[in-house]
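What follows is a single structure, written as structure tokens, with notes after it.
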Amino acid sequence: MRSPAGSVYAMGARTRNRLRWHQLPADVRSAVESIIGDRVVEAVSQPGGYSPGTADRVRTAGGRRVFVKAASPDQNPDTPTLHRAEARITAALPAYAPTPRLLGCHDDGHWVALVLTDVDGRHPVAPWRADELDAVFDALERMSAALTPSPVAEVPPIAERLAGEFTGWQRVADDPPSTLTSWVRAHLDELCAWSERGLASLTGDSLCHVDVRADNLLIDQAGRVTVIDWPWAARGPAWLDTAMLMVDVRMNGGHDTEALLRRLPLTAAADPDAVTGLYVGLAGFFTDRARLPPPPGIPTLRAFQQAQADALLTWLPQRLTP
């Protein structure tokens, strides 16, 4: 299963051409209303997001609120596959996990629409506020405990999920772009080796989200955190999602990510070399993909990937220095 960019991160850029509820075919809207059990009278498209399909908080005539996301290959050829994966994984998540519940899925072979519980929350503020960051770290720790061992048997190991992504440095070494820094050029062999070692170390039986960023988190007025959008879930180490969130934290600035890694129980207990290998592999993937043309329907993707590469490449010299 691959996104248009061939990665778990391909849906990470903000989408500017998102469909609206009223633009869905009438039969798709009718199918969604059948799942909800009432007529939709209001739909509010959500800002930002991960695909050119719809993403609406809807209200029914009876006052019920749910969240609906729908897409077809016409918007992006891979988004319906992602929606199908998300429906399957979300349906299997236990009720005690801080995640939305799947209420139903419409799939006519072309359009796929998910109906999920509505979360009355907002994305964390960027740059990250310390209180919101602590709330998210606490939620990820609880989620890791709740999802170990993985309650979803049909997801792949994370090393299998990331196998293609972690060859990014090798592709860069084979065809280096002119924009590479002198430090990267001098350390390409080392970066390739670290990526291989990092991939091999990503073992575990926790169900990991694999795409934790501010855009995939909602915080309600009581400070409760919900982790949304689960198509890329995989089995891996308990610390993986917390470590991956650090990329977003570092990209947005304002926090000492090394100090956070040492302070948080999950990452403090992790093998430092395994964490470094994760970041090296991700940096190679982002560096390699950022130079490609944008995929259909996601015009801002490459800039988003470059920003993540830049955040990691300011960090790796520190982590790789003996």
Side-chain angles (χ1 to χ4, degrees), residues 7-9 11-13 98 123-145 147 158 161-162 165-166 168-169 191 194-195 197-199 201-202 204 206-219 225 227-229 232-234 236-287 289-290 304-321:
S7 159
V8 296
Y9 293 92
M11 310 313 289
H123 298 301
V125 172
W128 280 86
R129 284 177 14 195
D131 60 329
E132 294 186 352
L133 193 55
D134 284 342
V136 170
F137 285 140
D138 288 344
L140 292 179
E141 186 173 358
R142 293 194 306 273
M143 186 175 78
S144 176
L147 300 181
I158 186 62
R161 173 77 82 202
L162 294 178
E165 282 78 351
F166 272 42
W169 282 124
L191 293 170
W194 268 101
S195 294
R197 288 156 52 190
L199 188 67
S201 69
L202 296 179
S206 297
L207 182 67
C208 303
H209 181 279
V210 194
D211 200 13
V212 178
R213 307 178 320 274
D215 279 354
N216 282 336
L217 299 163
L218 294 173
I219 302 176
V225 175
V227 184
I228 62 173
D229 292 338
W232 299 112
W239 51 264
L240 183 78
D241 283 334
T242 299
M244 282 188 146
L245 179 62
M246 295 297 178
V247 181
D248 189 85
V249 174
R250 193 169 185 91
M251 184 175 63
N252 284 290
H255 296 273
D256 184 339
T257 45
E258 280 292 336
L260 289 171
L261 287 174
R262 293 191 297 269
R263 174 170 67 85
L264 299 169
L266 288 175
T267 50
D271 178 358
D273 284 352
V275 178
T276 298
L278 170 71
Y279 292 146
V280 172
L282 293 175
F285 163 70
F286 291 134
T287 300
R289 292 299 173 139
F304 176 78
Q305 290 174 325
Q306 186 62 60
Q308 292 177 98
D310 292 343
L312 285 163
L313 290 174
T314 62
W315 193 6
L316 291 185
Q318 177 185 356
R319 293 198 65 88
L320 294 177
T321 300

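Throughout, residue positions are numbered sequentially from 1 according to the sequence presented.
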Provide the closest heavy-atom pair for [X] versus [Y] in the form atom of the first, atom of the second, distance.
{"X": "F286", "Y": "A309", "value": "CB-CB, 3.6 Å"}
{"X": "N252", "Y": "P127", "value": "O-CB, 3.4 Å"}
{"X": "S195", "Y": "G281", "value": "OG-CA, 3.6 Å"}
{"X": "E165", "Y": "R161", "value": "OE1-O, 3.3 Å"}

D241 vs V227, test: side chain to side chain contact (heavy atoms under 4.5 Å, CB included). Steps then yes/no. CA-CA 11 Å; D241 283 334; V227 184; over 6 Å; no
Using 0.5 Å steps for rounding, measure from the [atom1] atom of [X] to the [atom2] atom of [Y].
{"X": "T257", "Y": "R262", "atom1": "OG1", "atom2": "CZ", "result": "9.5 Å"}
{"X": "D256", "Y": "R250", "atom1": "CG", "atom2": "CZ", "result": "8.0 Å"}
{"X": "L264", "Y": "W239", "atom1": "CG", "atom2": "CH2", "result": "13.5 Å"}
{"X": "M244", "Y": "I158", "atom1": "CE", "atom2": "CD1", "result": "5.5 Å"}
{"X": "H123", "Y": "R213", "atom1": "NE2", "atom2": "CZ", "result": "9.5 Å"}
{"X": "I219", "Y": "E132", "atom1": "CD1", "atom2": "CD", "result": "4.0 Å"}

Answer yes or no: is there a donor N or O on one side and an acceptor on the other, between the side chain of [X] and the main chain of [Y], under 3.5 Å?
{"X": "W128", "Y": "A214", "value": "no"}
{"X": "H209", "Y": "D229", "value": "yes"}
{"X": "N216", "Y": "D211", "value": "yes"}

Passing option when L140 is tested against T242, V225, L240 for side chain to side chain contact (heavy atoms under 4.5 Å, CB included):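 One option only clears the test, and that one is T242.
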Is the closest side-chain heavy-atom distance between F137 and L245 below 4.5 Å?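 The answer is yes, as the side chains (C-beta and beyond) meet within the 4.5 Å cut-off.
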Would you indicate whether the side-chain heavy atoms of L316 and L191 approach each other to under 4.5 Å?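 In short, these two side chains touch, coming nearer than 4.5 Å.
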Quick test of your reading of the model: are D134 and R263 salt-bridged, counting only N-O distances below 4.0 Å?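 Between R263 and D134 there is a salt bridge, with a charged N closer than 4.0 Å to a carboxylate O.
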Scan residues 267-287 for pairs that pass side-chain hydrogen bond (donor to acceptor under 3.5 Å, both in side chains), counting only residues two or more places apart or in two chains.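 The answer is T276-R319.
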Criterion side chain to side chain contact (heavy atoms under 4.5 Å, CB included) on S206 and L147, from CA distance to verdict: CA-CA 6 Å; S206 297; L147 300 181; 5.8 Å; no
Could you go step by step and tell me if L278 and F166 meet the side chain to side chain contact (heavy atoms under 4.5 Å, CB included) rule? CA-CA 9 Å; L278 170 71; F166 272 42; 4.0 Å; yes
Evaluate side chain to side chain contact (heavy atoms under 4.5 Å, CB included) for M251 paired with F304, printing each intermediate quantity in order. CA-CA 10 Å; M251 184 175 63; F304 176 78; 4.2 Å; yes
